[in-house]
Amino acid sequence: MADYYLKALESERRSLWAACRLKGLAQGTPERIRIVEIDALLRAHKAKKAG
């Protein structure tokens, strides 16, 4: 079964990361903060699935 929540988070992270690289955004910008939040959500989701 496809995990659409995981795919959506990964897609959003890739999109934000590409935008940050393109624009040269520094840490502390809303986009970079959201990437950190997504990383935490991904870790929590994968841990919940594994456990």
Side-chain angles (χ1 to χ4, degrees):
M1 186 167 108
D3 190 345
Y4 295 114
Y5 178 70
L6 184 65
K7 288 186 182 290
L9 284 176
E10 289 172 343
S11 175
E12 182 183 358
R13 187 185 188 286
R14 277 192 306 272
S15 174
L16 283 170
W17 185 246
C20 288
R21 296 275 314 258
L22 183 65
K23 297 176 184 176
L25 297 177
Q27 287 191 333
T29 59
E31 292 86 351
R32 295 287 295 261
I33 293 170
R34 179 65 181 150
I35 290 171
V36 172
E37 291 171 355
I38 291 172
D39 287 342
L41 291 171
L42 286 170
R43 278 193 301 275
H45 184 70
K46 288 179 182 179
K48 191 168 97 174
K49 270 186 93 167

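Atom CG in Leu41 sits 6.0 Å away from atom CZ in Arg34 (nearest 0.5 Å). Separating the CG atom in Asp39 from the CD atom in Glu37 is a distance of 10.0 Å, to the nearest 0.5 Å. To the nearest 0.5 Å, atom CD1 of residue Ile35 and atom OG1 of residue Thr29 are 7.5 Å apart. For the atom pair CG (Leu42) and CD (Glu10), the distance works out to 6.0 Å, reported to the nearest 0.5 Å.
The stretch residues 14-33 participates, sequence neighbours left out, in no salt bridge (Lys or Arg N to Asp or Glu O under 4.0 Å) pair at all. Pairs of residues two or more places apart, or lying in two chains, never qualify as ring pair (Phe, Tyr, Trp, His ring centres under 6.0 Å) while including a residue from residues 17-36. Sequence neighbours left out, not one pair with a member in residues 22-43 passes ring pair (Phe, Tyr, Trp, His ring centres under 6.0 Å). For residues 18-51, the set of pairs meeting the ring pair (Phe, Tyr, Trp, His ring centres under 6.0 Å) definition, not counting sequence neighbours, comprises Tyr5-His45.
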